[in-house]
S.K.: 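Below is one structure. I have some questions about it.
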Protein chains: 2
Amino acid sequence: MSAEERHGGAGIQSAERVLRILELVGAAPTGLTAAEIAQRLGLGQSTTYRLLATLHRQDYLARQSGEHRYILGRTVDQLGRALQYQLVATDPVRQVLRAMHDAVGAPAYLTVFRGDDIAVAHIEDSAAHPRIGQLHVGFSEASHATAFGKLMLASRDDAGVARFLERHSPTRLTASSITDAAALNDQLDEIRAQQLAVEIEEYLPKLACIAAPVRSAAGRTVGAVSVSVQAKDFAARSTQLERAVRRGAWQVSARLSG
Amino acid sequence: MSAEERHGGAGIQSAERVLRILELVGAAPTGLTAAEIAQRLGLGQSTTYRLLATLHRQDYLARQSGEHRYILGRTVDQLGRALQYQLVATDPVRQVLRAMHDAVGAPAYLTVFRGDDIAVAHIEDSAAHPRIGQLHVGFSEASHATAFGKLMLASRDDAGVARFLERHSPTRLTASSITDAAALNDQLDEIRAQQLAVEIEEYLPKLACIAAPVRSAAGRTVGAVSVSVQAKDFAARSTQLERAVRRGAWQVSARLSG
DNA sequence: GGGCGTTTCGCACATAGTGCGAACGAGGTG
DNA sequence: CACCTCGTTCGCACTATGTGCGAAACGCCC
């Protein structure tokens, strides 16, 4: 059928199809009918129905008694919540972020280090102090140019950092972005000593960010708490901000450990 | 290999396996290694690696450069968020719920009707006014015994209600639960007329709940907003509560439509 | 009743998925 | 340095597994 010889060659066909169905249905706010799915995937009716039946039986998809449209089901919900939970975005933790936001009058971020990615787990902001436009809740790249990104790198040893840089070379996002590996490593050492990371106009012009590490009960750095302010205000407020993120990170860590 | 002749017989094997892997990994906060997954599924190494590769390539699973553990990846996050979004649990809507909670001093609920299920999309509560213990965010049954459940049924025509009752017969949860189809249908008519549903100790003893319908831009009833209070307080406060949920439902509907 | 869209069923074919075993690679340890 | 162990990939042979086609059973609306 469809030539499927991408990179390596591996890839379970029917599994890929099932996953693609999930994505299709997820992208359709009002659901899709079996026929629509079959058509968009270029599959036969029969095959599609069997795939859908599998998904339906496991509650990945659901539908209304009379209706013919498939929508995402409760298992997807459970998976999403499990991930949310793993990302530490629980109610008590959110309260800490809210308190931080109120205290410093700036958007507060919770990021969690996942694999080689950084997950923006939660943002606490307000109309008066809105979040950074470019930074959405979800997964994000830009490791070397953000305060929490540098914190993630600093949590690894030299070999780990090197491995990471092989896959994601530091790009120049603004005039101040660090793109040299040696300079980056120096700064990471400094960050390890301070247990605090700062970024001034390295990610976005006019903005600065300060982040402190969140630790698991075992002491591993699993994420960061940060706030971002106008770059021009940063110098004057740095002591206050440092105190705020250190305190926030400590509180989040504490609530994590129990 | 493993005999797999459950109910009907349909069910794509490799698809089911992939889905089960997702659930396994989702349930393991710190991730799983390939070997662990292989063992728990009773699969060969080779097969497991191929399945994992598929999941990994599509970003359903991720892992850290050095690490050997698989964790849920960004696609799962996206699916979860897509569902959250479909469930209307967005920030502006949450604000409405919070305002309701503050106004009436009781936990406020947002439920969305999905297929034959009711999804509890959001709960706004506080230490002073905590949520009902038995009712968690996520999907829930108990359609006939809750205010929002009755609202869901009332949004269907007689045939739709009948179809639903075939699959989920009304169980007696408390002494006041309605278990008779005729009585239920009478009440649904009343609810359709009032555009408001009330439940007093039908779901849990000592508790009462009042719910108003949320409508889509097209005018379809897609969910409900509700608050729950102590049953003994209900009569005295009913006018205030009715006003609050009607107002909340209206606001949510408005924010939905844009 | 006749048409239409959805869903299920049966069957024949060969592809796609599987399991086994072995090779490869990277650490770690004596 | 040779020897582990553990994680990952490769090759291959086999057939179970998934597939497509066609046709039949619903359920529904005009």
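Predicted model, so just to flag it, every value in this text is computed and none were measured. Each chain gets a letter, A, B and so on, in the order the sequences are listed, and its residues count up from 1.
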S.K.: Do any side-chain nitrogens or oxygens of A/Tyr49 fall under 4.0 Å of OP1 or OP2 in C/dT7?
M.R.: yes

S.K.: When you measure from the side-chain N and O atoms of A/His68 to the phosphate of C/dT7, is any distance below 4.0 Å, counting only OP1 and OP2?
M.R.: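 Looking at the OP1 and OP2 atoms of C/dT7, one of them is under 4.0 Å from a side-chain N or O of A/His68.
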
S.K.: I want to check one thing: is the phosphate of D/dG20, taken as OP1 and OP2, less than 4.0 Å away from some side-chain N or O of A/Arg50?
M.R.: no

S.K.: Verify the ring-centre separation between B/His56 and B/Tyr60: is it less than 6.0 angstrom?
M.R.: no

S.K.: Can you confirm whether the side chains of A/Arg69 and A/Thr33 place a donor and an acceptor under 3.5 Å from each other?
M.R.: no

S.K.: From B/Leu83 CG over to A/Arg81 CZ, what is the distance, rounded to the nearest 0.5 angstrom?
M.R.: 7.5 Å

S.K.: Expressed as a whole number of Å, how far does the P atom of C/dA22 sit from that of C/dA26?
M.R.: 22 Å

S.K.: I want to check one thing: is the phosphate of D/dG27, taken as OP1 and OP2, less than 4.0 Å away from some side-chain N or O of B/Arg163?
M.R.: no

S.K.: Which value, in whole Å, describes the distance between the C1' atoms of nucleotides C/dG25 and D/dC12?
M.R.: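 So the two C1' atoms sit 22 Å from each other.
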
S.K.: The side chain of B/Ala34 is closest to which nucleotide in this list: D/dT8, C/dT18, D/dT19?
M.R.: D/dT8

S.K.: Determine whether more than 12 heavy atoms belonging to other residues, nucleotides or ligands lie under 6.0 Å from atom CD of A/Gln195.
M.R.: yes

S.K.: How would you label the contact of B/Ser46 with the nucleic acid (heavy atoms, under 4.0 Å): base, sugar-phosphate, or nothing?
M.R.: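 The residue B/Ser46 makes base contact.
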
